[in-house]
Participant: 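Below you'll find the structure I mean.
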Amino acid sequence: MSTNFVLVSKGQGVLIPPLMKRTHHCSQLRASDKGSIVTLSGWVDSVRDHGGILFVDLRDREGRTQIVLDPSNPGLESKFGSIKPESVISVSGRVDERFGGTANSKLATGEIEVHATELRILNVSKTPPFPMDDSADKVGEDLRMTYRYLDLRRAANTRMLRMRHKTSKAIRDFMDAQDFIEVETPILFKSTPEGAREFLVPSRMNPGAFYALPQSPQQYKQMLMVGGVERYYQLARCFRDEDLRADRQPEFTQLDIELSFIDREDMYELIEGLMRQVWKEVIGVDIETPFLRMSYFEAMNRFGVDKPDLRFEMELQDCNEIFAQSGFKVFSGAIESGGSVKAINAKGLGDITQGELRSLEDAAKSLGAKGLAFIKCQDGEWKSPIIKFFSEAEKAALKNALDIEDGDIVFFAATEWERACTILGRVRLEAAQLLVKRGTLTINPNEYKFLWVIEFPLMLFDEDAQRFVASHHPFTAPVPEDVDLLDSDPKAVRGQHYDLVLNGVELGGGSIRIHQPALQKKVFEDVLKIPADVVESRFGYMLKAFEYGAPPHGGIAFGLDRMVTILTQRSSIRDVIAFPKNQKGQEMMTSSPGIATEQQLRDLHVKSVLPKKDAQGPNKPAGD
RNA sequence: GGGGUAGUAGCUCAGUUGGUUAGAGCGCCUGCCUGUCACGCAGGAGGCCGCGGGUUCAAGUCCCGUCUAUCCCGCCA
C-alpha cells in the first residue's frame, strides 16, 4: 500500500496517502459483525503499549472502538511511534469478538475489537495542552477556549453541540408544523439609541454614517406583520455591546416569533406546545402544561424576583402589620414612609458561619440594603442584635407568621417595597445555595418548573431622567382596562407583557403590541415624552406603516443559548456556544477583535482615538 | 466604572508561624512488558511561585500597585 502514496509537494516531500473510506463509525460494531472486514477512521483516544501488542482506543464523534495492533502483521510496527494521543489514523481489519472475559462492558463496542491489518497515519498530533477526558472540565476556561477545537473534540462537548442542533431542529419542526414562515431580517440595521449599547459598523459608501447590529429583529418583525406574513419566526443572531455575565454574550441567538390576529391566551398555548415538543425531542422529558401564571407583583412579593425558581419554597413574608406600631423605628419608620418590612425564614440555616453571614450581608448591601437584620433561633432562644427592640407581642406574631423553630434564621429588609423584595429575593437564592451545600435542601436539576410571569407595569419612572420609560419596550400594548390610566396614572398601567420563566431563569419574553398609530404616537410623545421630531426620525416609518392596515399582533423571543444551557445542565451559556467570547468580548482562539489597518480606517472614514492608558495600542488579547 | 475570588511544572492542585535545594497526581521523555481498556513497572526531564515595587538578615508566604481570568453590582428597553 505504501506505493500508493501521492507526492503532493516535491519541495517538502509531503506524502498524502489516499484516504481509506470508513465503512463504520466508532460506536457501531457489535458481536454480530464478527468476521467482517471494516475500516475505521478517527483520533487516537488512548494507547496501551504491551511491549509487543498495542491496544488503541480509536475515537470519532460517535464513540470509541478498541483496535488491536499486532507487530507480527507486516508493516505495522514501523508506524507505532506515530500513534500518539489525538493523532488521526485510519485502520482496516477484521472484527473479532473479544474472548475469555476481555469484553469491556463500559464501552458500547466493548464486545468486539478490530484486528488491524492496515494502518494509515493521517496526521500526527502534538501533545495536547490539557487532558482530553472529562477531567478537562476543571481546566481553565481561557486555555480551553484558546484551543477550542480540542475542547470541542471531547465527548461532553460533542454531545452538547448535538443537543443544541436537536433543539434548533425541534423548534423548526414545530414552527413549520404550525404554519410559521422563517424570514431572515437584516444584520446591518440602523442605530436605535434607546436600550442596549450597540455595535456600530461604519459605512464606506456613506461617509460618516453607521449601521448598527440589531439588538433583536423587533422592528422588522412587526413590519413583517404589517407585511401580511401573519406567522413569522427566526433563529436570529442578536448583538448587544454591554458588559458580560455567565448568561450573557455580546452575540447570542434568539428564537424570535411574531403572529397576527392573536391574544395572550393564544400565545401561551402556542409556546406551551413548543416547549413540550422541545423538551420531549431533546431530553425525552414530558413537561406539564398549561404552565403556572403569576403576576409581576405576586412574583416580587413572594419570591423577590420577577423570575422565581419554584423548585423550592422559602417564601418572603410581609411583616407590615406586625411592625406598623413597633418601637423599632427602623421598621415602623420604613412602613410609615410607604415602604415595607419583609422577612424570610431560611429554615435550618441557623448554623450559618460568620463568613457566610457576611457574604449574605454583602449581597444585600450591593442591592442597596444598609445592613441585613436577622434573628437566629437556637435552643429555644432567639439571638439577634435587634431582638431587644421587639415587644413580646411582636415576637409571638413573628414566630407564628414565619413558623420560626430551632435551627432557623430569619432575615429582614425594611425599605421601599420593591427594594425590600429584591434584597430578600437575593438572600433567598443565596441561603438556598448554602442549604444545598449542607445537604438539607435539594434542588432537583431534572425538575422543570415553567412559569408565565404576567401583568408587568407598562412604565417605570426613571429617577435620573425624571420621566417614564417603557419597562419592556415602547411597542407593548397596555391591558385594555388600563388604557384610560395612561394619562392619569401611567405607573399603574399594566402591559400585555409576558415572560416565560424556568427554574429561576428568564427563558424569554414578549408582548401583544400596539397596532393603532394614534395609540403608539400617544405612548411615544405624551407618556414617554420623546420629542416629536425624534419620534419622527426614529419611528416615523413604523407609525406610517400602521396607517396602512396593521393587523393586531404580538410576539415573543427566547434566548436559545439559555434554553440549551438548561437542557444540557451546564452552568454558563459559554458552554453551549461553539466559539464563545470571554468577559472582555474577546474570542481567544482567533484573538478577535483585531486591529484595523490605517488603510481600512481611511476607507471607512473612521479615526481611532484611544484612551490614554491604551495609547501604545489596544490591549492585546490574553493568551498571546 | 465598582466589589469578591483566583493566579505555584504542560494540566489539576498542596506548600505550616516568613527560614536549607518549592512538592504531589496526571501528562511528557527513556527503558521493560503480548490481553490491556484511566494497563502496569523502573528511571528521567520539566518552575521568572502572573508582573512591578516595598518590608525583612531572609518573601511562594507579609504590604502596596498592576495585569489576567472568573463571579457579582452598575449596565443589559
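We name chains A, B, ... by the order of the sequence lines, and we start the count at 1 in each one.
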Participant: Between C1' on B:G27 and NZ on A:Lys84, what's the gap in Å once rounded to a whole number?
Facilitator: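 To the nearest whole Å, that distance equals 13 Å.
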Participant: Checking base pairs now: Watson-Crick or wobble, both atom distances under 3.5 Å. What partners B:U21?
Facilitator: none
Participant: Run the salt-bridge test on A:Arg59 and A:Glu86 with the 4.0 Å N-O cut-off and return the result as yes or no.
Facilitator: yes
Participant: A:Gln222 and side chain to side chain donor-acceptor pair (under 3.5 Å): which single residue from A:His553, A:Glu258, A:Arg513 fits?
Facilitator: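 Among A:His553, A:Glu258, A:Arg513, the one that satisfies the side chain to side chain donor-acceptor pair (under 3.5 Å) with A:Gln222 is A:His553.
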Participant: Closest nucleotide of RNA chain B for A:Ser72 versus for A:Val469: which of these residues is on the 5' side?
Facilitator: A:Ser72
Participant: Could you tell me how far apart A:Gln583 (CD) and B:C75 (P) are, to the nearest whole angstrom?
Facilitator: 17 Å
Participant: Would you classify A:Ser46 as touching base, sugar-phosphate or nothing, given that sugar-phosphate means primed atoms plus P, OP1 and OP2, and contacts are heavy atoms under 4.0 Å?
Facilitator: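 Sugar-phosphate only.
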Participant: Within the structure provided, determine whether A:His497 and A:Ser471 are in side-chain contact (heavy-atom separation under 4.5 Å).
Facilitator: no
Participant: Nearest whole angstrom, please: distance from the C1' of B:G35 to the CG of A:Asp57.
Facilitator: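 Going from CG in A:Asp57 over to C1' in B:G35 covers 13 Å.
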Participant: Identify the nucleotide, in any strand shown, that forms a Watson-Crick or G-U wobble pair with B:G27, with both distances under 3.5 Å; if there is none, say none.
Facilitator: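 None - no nucleotide pairs with B:G27, as no candidate has both distances under 3.5 Å.
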Participant: Test your reading of the model: is there a side-chain donor-acceptor pair from A:Arg98 to the backbone of A:Gly110, 3.5 Å cut-off?
Facilitator: yes
Participant: Send over the distance from A:Lys581 NZ to B:U70 C1', rounded to a whole Å.
Facilitator: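 Those two atoms, NZ and C1', are 18 Å apart.
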Participant: Can you tell me the pairing partner of B:G35 across any strand shown, Watson-Crick or G-U wobble, with both distances under 3.5 angstrom?
Facilitator: none
Participant: Rounded to the nearest Å, what distance is computed from the NE2 atom of residue A:His50 to the C1' atom of nucleotide B:G40?
Facilitator: 8 Å
Participant: Expressed in angstrom and rounded to an integer, what is the separation of A:Phe55 atom CZ from B:A38 atom P?
Facilitator: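 Interatomic distance, CZ of A:Phe55 to P of B:A38: 13 Å.
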Participant: Separation of A:Lys584 atom NZ from B:A69 atom C1', in whole Å?
Facilitator: 9 Å
Participant: With no angle test and no hydrogens, is the base of B:C75 tied to the side chain of A:Arg248 by a donor-acceptor pair under 3.5 Å?
Facilitator: yes
Participant: With a 3.5 Å limit on both atom pairs, tell me what B:U55 is paired to, counting Watson-Crick and G-U wobble, or say none.
Facilitator: none
Participant: Would you compute the distance between atom CE of A:Met267 and atom CD1 of A:Ile556 and round it to the nearest 0.5 angstrom?
Facilitator: 5.5 Å
Participant: Under 6.0 Å between ring centres, would you say that holds for A:Phe579 and A:Tyr149?
Facilitator: no
Participant: Between the base of B:U70 and the side chain of A:Arg574, is one N or O donor paired with an acceptor at under 3.5 angstrom?
Facilitator: no
Participant: Counting only Watson-Crick or G-U wobble pairs whose two distances fall under 3.5 Å, which nucleotide matches B:G74?
Facilitator: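 Base partner found: none.
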Participant: Expressed as a whole number of Å, how far does the P atom of B:U16 sit from that of B:U61?
Facilitator: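 The answer is 11 Å between these two P atoms.
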Participant: Has A:Lys106 got a side-chain N or O lying under 4.0 Å from the OP1 or OP2 atom of B:C37?
Facilitator: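 No.
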Participant: List every contact pair, protein side and nucleotides 7-11 of chain B side both N or O, where the distance is under 3.5 Å.
Facilitator:
residue: B:G10; atom: O2'; partner: A:Pro129; partner atom: O; Å: 2.7

Participant: Does either side chain, that of A:Gln583 or that of A:Arg574, offer a donor lying less than 3.5 Å from an acceptor on the other one?
Facilitator: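 No - no donor-acceptor pair under 3.5 Å links their side chains.
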Participant: What I want to check is whether an N or O donor and acceptor connect the side chain of A:Glu113 with the base of B:G35 at under 3.5 Å.
Facilitator: yes
Participant: What integer number of Å spans the P atoms of B:C49 and B:C11?
Facilitator: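 B:C49 and B:C11 have their P atoms separated by 15 Å.
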Participant: Just name whichever nucleotide pairs with B:U68, Watson-Crick or G-U, keeping both distances under 3.5 Å, else none.
Facilitator: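 Check on B:U68: paired to B:A6, both distances under 3.5 Å.
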Participant: Quick check on B:C72: is either OP1 or OP2 less than 4.0 Å from any side-chain nitrogen or oxygen of A:Arg426?
Facilitator: no
Participant: Please give, in whole Å, the distance from B:G25 P to A:Asp133 CG?
Facilitator: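 These atoms are roughly 18 Å apart.
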Participant: If you find the nucleotide of RNA chain B closest to A:Arg197 and the one closest to A:Asp362, which residue's nucleotide is nearer the 5' end?
Facilitator: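 On the 5' side of the pair lies A:Asp362.
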Participant: Is there a donor-acceptor pair closer than 3.5 Å between any side-chain N or O of A:Arg240 and the backbone N or O of A:Ala196?
Facilitator: no
